[in-house]
Visitor: 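Got a structure for you, written out below as structure tokens; questions coming shortly.
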Amino acid sequence: MYVVTSEQMRKIDEYTIRDIGIPAAVLMENAGRAAADEIASFTSQETPQIRKPWIVLVGKGNNGGDGIVAARHLSQKGIDAELLYAALSDSLSCDAALQRDIAERLSIPSSIYVQGEVHWDRYGGIVDALLGTGTKGSPREPYASLIREANDSGLPIIALDVPSGLNADTGEVYVPCICAKRTVTFAFTKVGLTQFPGAEVAGHVTVAPIGIPDAAASQFKVKTRLSSKKTFKKIFGLDWPLPRGDNTHKGTYGHALLVAGSKAYSGAGLLAAKAVLRAGAGLVTWVMPNHLLNTVTGRLPEAILYGAADDGNGHVSVDSADEIVKLAAGKRVIAVGPGLGRFDGEAKWLRRIWDQADCPLVLDADALNILAECGGLDLWPKRLAPVVLTPHPGEMARLAKLSNHEVQRDRVALARTFAQQYGVILVLKGARTVIAMPDGHVCINMTGNPGMAVGGSGDVLTGIIASLIAQGLSPSAAAVIGVHAHGEAGDRALTLRTSPASLLAGDIIEAL
Ligand SMILES: NC(=O)C1=CN([C@@H]2O[C@H](COP(=O)(O)OP(=O)(O)OC[C@H]3O[C@@H](n4cnc5c(N)ncnc54)[C@H](O)[C@@H]3O)[C@@H](O)[C@H]2O)[C@H](O)CC1
Ligand SMILES: [K+]
């Protein structure tokens with residue numbers, strides 16, 4: 001499922017109308033009718049209040065046009081609708097003006113917005129057709145006042161295409177912004193509907209086809225998709241769940257090397273190692289500081305444990321790099337970072353692994369902080385084997401030398417630029433994790449829940465991604481599918497809990 005920006009949507013619209021020849025009015029008719037269908041289904045599901053009319057807030061552009069068409073189809077369905085023009089209706093776009101004239105001929109009630117004069121209690125719900133993908137900046141008057149009044153009315157709002165006041169390209173919300181119960185977006189979902197806080201103000205999003213052929217999207221090489229089983233098939237040619245061949249030898253399912261844990265954080269290594277196995281890899285060798293070996297022996301009998309040279313403070317020491325490089329022989333992946341801690345010579349240590357090990361690397365947690373602080377991505381040579389980075393927003397801020405706000409402002413664009421610039425696979429975690437690949441493809445993950453924002457959840461994800469690489473998936477596929485599986489397992493684990501607050505990282509592993 002493609003995810004588009006406003007600019008891409010505009011180009012696709014134009015191509016469909018001009019080059020394919022589907023008239024704009026047909027697209028608008030389909031959009032408005034799809035909106036009316038969604039409103040009708042919402043109305044039927046809501047407690048059957050006295051059948052009150054819906055009020056359609058109409059902007060000047062084609063989003064407004066969609067709203068006028070929706071009002072007409074609602075009336076056809078026996079649901080009364082009234083048009084409230086935000087501004088004088090003689091300044092409508094031509095496609096919207098055509099709809100205005102049709103609505104007038106059909107005597108659909110309409111009025112012009114005057115601040116404070118709308119009797120909101122007369123209505124059962126609001127259709128937001130003020131601003132769509134043509135929005136530039138924060139809503140200006142009188143849209144701003146109308147948006148505030150609509151939000152304050154307490155009535156359910158169904159937004160057309162995007163909630164008015166949402167930045168459709170990033171997920172930022174301007175002030176004010178419509179808070180919708182549902183959003184009916186047209187043709188393809190928009191980036192801003194997938195990332196918070198946009199995803200919050202959009203409510204439940206339905207993508208309504210309006211007659212734009214997929215060929216139009218591939219014409220403009222849209223490279224952002226929602227993670228889904230269809231995506232796995234389309235991009236990676238993989239089925240989900242992954243078929244498990246009938247090979248009998250454990251070696252077939254790969255051997256992962258995990259470098260994790262320190263005296264203070266042995267649990268992180270345990271979680272990551274267990275996740276490697278639970279996600280299907282045949283073997284995992286967990287390298288930890290020697291001191292830790294006795295503490296964890298027996299905690300995970302299925303894992304091969306290796307005590308490496310340690311620095312006497314409960315961390316691996318810089319000298320352990322050579323041991324790790326030797327152990328990497330025959331492994332399909334090395335995952336470095338969960339619970340690693342910081343230690344003297346850490347940059348030299350990581351550089352040695354970066355240079356000498358020839359298998360893919362998955363770097364997480366403190367491995368990312370070491371990389372950020374020594375400028376590795378800017379200074380070290382690109383590796384032949386792929387690198388997967390799995391930062392949360394704070395780690396990403398350090399890696400990209402940005403503030404947390406700047407990281408979260410436009411996650412998709414930042415992740416894509418970073419992955420292309422450094423030739424890495426970037427898993428930018430957080431609600432709706434963004435996975436960006438060196439070739440510019442980006443997948444947005446929709447599984448998972450707030451209960452997963454707990455200590456250890458990231459360690460589990462690192463284990464899952466390493467496991468899938470060990471089983472033979474490309475690092476890109478392992479990152480996209482691993483994030484999806486991690487979120488799905490978290491959603492399944494949640495069904496066994498009474499509240500998201502009680503979810504533990506270990507529950508995610510058990511639900512894999
Ligand atoms: N996706 C599709 O295939 C179709 C989408 N349609 C609808 O068309 C809108 C986009 O229409 P457009 O005319 O380009 O822009 P808008 O309707 O979003 O509004 C632009 C309108 O509003 C003014 N404006 C812009 N920014 C602000 C602001 N911050 N404050 C106040 N006013 C603002 C601007 O001057 C314009 O007049 C899309 O979302 C769909 O709903 C087609 O109808 C069907 C095909
Ligand atoms: K809207």
Side-chain angles (χ1 to χ4, degrees), residues 2-18 20 22-35 38-39 56-70 85-99 113 126-148 150-151 157-169 172-180 182-190 192-193 198 201-203 205 207-214 216-217 220 222:
Y2 288 119
V3 184
V4 297
T5 62
S6 307
E7 183 52 22
Q8 285 171 330
M9 196 65 245
R10 196 188 54 72
K11 284 184 182 152
I12 292 168
D13 265 1
E14 215 172 81
Y15 176 78
T16 303
I17 295 164
R18 197 195 54 214
I20 298 180
I22 300 175
V26 169
L27 297 177
M28 187 172 278
E29 189 70 21
N30 293 340
R33 190 176 52 236
E38 182 75 15
I39 294 160
V56 181
L57 312 184
V58 181
K60 291 193 299 183
N62 288 341
N63 194 242
D66 295 347
I68 301 172
V69 174
Y85 288 100
L88 284 178
S89 60
D90 56 1
S91 59
L92 289 183
S93 68
C94 62
D95 291 316
L98 170 73
Q99 296 306 330
Y113 170 62
I126 299 171
V127 178
D128 161 30
L130 287 172
L131 293 169
T133 53
T135 304
K136 301 268 179 289
S138 304
R140 298 187 289 274
E141 288 303 343
Y143 290 69
S145 302
L146 181 45
I147 290 169
R148 285 195 189 91
N151 284 338
I157 303 177
I158 294 190
L160 301 198
D161 213 20
V162 292
S164 298
L166 172 69
N167 181 328
D169 299 343
E172 278 174 297
V173 292
Y174 294 116
V175 175
C177 179
I178 284 281
C179 291
R182 292 191 187 184
T183 295
V184 187
T185 197
F186 305 123
F188 305 103
T189 194
K190 312 310 184 285
L193 296 173
V201 297
V205 176
V207 183
I210 59 171
I212 292 186
D214 259 1
F220 294 98
V222 174

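Position 1 is the first residue of the sequence; numbering continues from there. For ligands, and for the atoms within them, numbers begin at 1 and follow the listed sequence.
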Visitor: Does a salt bridge link R10 with E14, judged by any charged N lying under 4.0 Å from a carboxylate O?
Guide: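 Yes, charged N to carboxylate O under 4.0 Å.
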
Visitor: Compare all side-chain heavy atoms of I68 with those of V58 and state whether any distance is below 4.5 angstrom.
Guide: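 The answer is yes, as the side chains (C-beta and beyond) meet within the 4.5 Å cut-off.
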
Visitor: Under 4.0 Å between a Lys/Arg side-chain N and an Asp/Glu carboxylate O for D169 and K190?
Guide: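 Salt bridge: no.
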
Visitor: To 10°, measure the O(D128)-the K ion (ligand 2)-OG(S164) angle for me.
Guide: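 Reported to 10°, the angle equals 100°.
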
Visitor: Kindly report the O-the K ion (ligand 2)-OD1 angle for L160 and N63 respectively, rounded to 10°.
Guide: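 The two atoms form an angle at the metal of about 80°.
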
Visitor: Evaluate the side-chain proximity of V207 to Y2: yes if any heavy-atom separation is below 4.5 Å, no if none is.
Guide: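 Not in contact.
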
Visitor: For a quick test of reading the model, state the closest non-hydrogen atom pair linking D161 to F186 and the distance between them.
Guide: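 Closest heavy-atom pair between D161 and F186: OD1-N, 3.0 Å.
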
Visitor: Under 3.5 Å, is there a donor-acceptor pair between the N151 and R148 side chains?
Guide: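 No, R148 and N151 have no side-chain donor paired with an acceptor closer than 3.5 Å.
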
Visitor: How large, to 10°, is the angle at the K ion (ligand 2) when you draw lines to O on L131 and to O on V162?
Guide: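 For O of L131 and O of V162, the angle centred on the K ion (ligand 2) reads 90°.
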
Visitor: Give me the atom names and distance for the closest heavy-atom approach of I12 to A217.
Guide: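 Here I12 and A217 meet closest at CD1-CA, 4.0 Å.
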
Visitor: Heavy-atom contacts with ligand 1 below 4.0 Å: which residues, ordered by chain and residue number?
Guide: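 Residues near ligand 1: M9, D13, L27, M28, K60, G61, N62, N63, D66, L131, G132, T133, G134, T135, K136, G137, S138, P139, R140, Y143, D161, F186, I210, I212.
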
